[in-house]
Amino acid sequence: MSAKIAYDDVEVGTELPAQTFGVTRAMLVQYAGASGDFNPIHWNEKFAKEVGLPDVIAHGMFTMAEAIRVVTDWVGDPGAVVEYGVRFTKPVVVPNDDEGATIEVSGKVAVKLDDNTVRVDLVAMSAGQKVLGMSRAVVRLA
């Protein structure tokens, strides 16, 4: 694969298509199995509340992975992501109901760098709160 977006076709301020991702308890159990992270704060409501959380929370790395999908879907190639980092600011609380939680992610080109790369800044929100801070990806474009 290669990036479908050309460096010359973007400028600082170019907005990526925003996306909303659903998160259910079943998804957290699947992620726990795939990642090996079986911390009970991600699946056991009683335990999560005993340690001071409002409810079960999504894995930070799960949240991070959902957010970068905005970039990989936009550029058309996950391998185009050269660098990616975030700070975890608030947890994604996942209630035990049929709806779960949502993560709303938007992004825009913040800086055009050398070598056909751009820095994309992401904003990830859940329940009206910013759940990732300093969420930035460097992406190599065509």
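Start at 1 with the first residue, then count along the sequence. Everything numeric here is computed off the predicted structure, so don't read it as measured data. Hydrogens, waters and symmetry mates are skipped; everything else that's a heavy atom, side chains included, is used.
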Peer 1: Test E45 against R25 for salt bridge (Lys or Arg N to Asp or Glu O under 4.0 Å), laying out the working first.
Peer 2: CA-CA 10 Å; E45 186 173 326; R25 295 266 180 105; 3.4 Å; yes

Peer 1: Looking at F88 and G60, what are the two nearest heavy atoms and their distance?
Peer 2: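 Between these two residues, the closest heavy atoms are CE2-O, 3.1 Å.
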
Peer 1: How about V56 and I41: do any of their side-chain heavy atoms sit closer than 4.5 Å?
Peer 2: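 No - every pair of side-chain heavy atoms lies 4.5 Å or more apart.
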
Peer 1: Please name the pair of heavy atoms, one in V93 and one in P54, separated by the smallest distance, quoted to 0.1 Å.
Peer 2: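 Scanning both residues completely, I find the closest heavy atoms to be CG2-CG, 3.6 Å.
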
Peer 1: Identify whether F47 and V29 are in the same connected component of the hydrophobic contact network (ILVMFWY, side-chain heavy atoms under 4.5 Å).
Peer 2: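 No; tracing contacts between hydrophobic side chains, which count when under 4.5 Å, never links both residues.
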
Peer 1: Locate the shortest heavy-atom distance separating L113 from V111; write the atom from each residue and the value.
Peer 2: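 Taking L113 first and V111 second, the nearest heavy atoms are CD2-CG1, 3.5 Å.
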
Peer 1: Taking R140 for its side chain and V82 for its backbone only, find out whether a donor-acceptor pair lies under 3.5 Å.
Peer 2: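 Answer holds: no.
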
Peer 1: Which atoms form the tightest heavy-atom contact between F38 and A32, and what is the distance?
Peer 2: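 Closest heavy-atom pair between F38 and A32: CZ-O, 3.5 Å.
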
Peer 1: How long is the span from the CE atom in M64 to the CZ atom in R87, to the nearest 0.5 Å?
Peer 2: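 Spacing of CE (M64) from CZ (R87) equals 12.5 Å.
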
Peer 1: Considering only distance and modelled atom types, tabulate donor-acceptor pairs under 3.5 Å from the side chains of residues 14-21, sequence neighbours left out.
Peer 2:
residue, atom, partner, partner atom, Å
T14, OG1, E11, N, 3.0
T14, OG1, E11, O, 2.8
Q19, NE2, D73, OD2, 3.0

Peer 1: Look at K4 together with D77 and state whether they make a salt bridge at an N to O cut-off of under 4.0 Å.
Peer 2: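 No.
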
Peer 1: Could you report the tightest heavy-atom contact between A101 and V92, atom names first, then the distance?
Peer 2: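 In this case the closest contact between A101 and V92 is CB-CG1, 4.0 Å.
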
Peer 1: Starting from M27, can I reach M61 by hopping between I/L/V/M/F/W/Y residues whose side chains sit under 4.5 Å apart?
Peer 2: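 M61 and M27: one cluster.
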
Peer 1: Could you pull out all donor-acceptor pairs under 3.5 Å where a side-chain atom in residues 121-132 meets a protein atom, sequence neighbours excluded?
Peer 2:
residue, atom, partner, partner atom, Å
D121, OD1, R119, NE, 2.8
D121, OD1, R119, NH2, 3.3
D121, OD2, R119, NH2, 2.9
S126, OG, T102, O, 2.8

Peer 1: Any chance you could measure L53, atom CG, to N44, atom CG, to the nearest 0.5 Å?
Peer 2: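 Here the rounded value is 11.5 Å.
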
Peer 1: Identify the residue among D8, V75, T117, V109 that makes a side chain to side chain contact (heavy atoms under 4.5 Å, CB included) with L141.
Peer 2: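 That would be V75.
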
Peer 1: Ring pair (Phe, Tyr, Trp, His ring centres under 6.0 Å) with Y31: which residues, sequence neighbours excluded?
Peer 2: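 Y31 satisfies ring pair (Phe, Tyr, Trp, His ring centres under 6.0 Å) with H59, F62 once adjacent residues are dropped.
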
Peer 1: Taking V81 as the starting point, is it possible to reach V86 by hopping between hydrophobic residues whose side chains are less than 4.5 Å apart?
Peer 2: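 Per the 4.5 Å side-chain linkage, V86 and V81 are co-clustered.
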
Peer 1: Are V105 and I57 connected in the hydrophobic side-chain network, where two residues link if heavy atoms are under 4.5 Å apart?
Peer 2: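 No; tracing contacts between hydrophobic side chains, which count when under 4.5 Å, never links both residues.
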
Peer 1: So W43 and L28, do their side chains get closer than 4.5 Å, heavy atoms only?
Peer 2: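 No; the side chains remain at least 4.5 Å from each other.
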
Peer 1: First locate atom OG1 of T63, then atom CD1 of I68, and finally report the distance between them rounded to the nearest 0.5 Å.
Peer 2: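 Separation between the atoms: 13.5 Å.
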
Peer 1: Around atom NZ of K108, are there more than 12 heavy atoms from other residues, nucleotides or ligands closer than 6.0 Å?
Peer 2: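 Incorrect, the count does not exceed 12.
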
Peer 1: For the residue pair V118 and V10, what are the closest heavy atoms and their distance?
Peer 2: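 The pair with the smallest heavy-atom distance is CG1-CG2, 4.1 Å.
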
Peer 1: Could you check R136 against Y84 for side chain to side chain contact (heavy atoms under 4.5 Å, CB included), going step by step and ending with a plain yes or no?
Peer 2: CA-CA 6 Å; R136 298 176 173 170; Y84 178 46; over 6 Å; no

Peer 1: Do M1 and P78 have side chains that approach each other closer than 4.5 Å (heavy atoms only, starting at C-beta)?
Peer 2: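 With C-beta onward as the side chain, the pair touches.
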
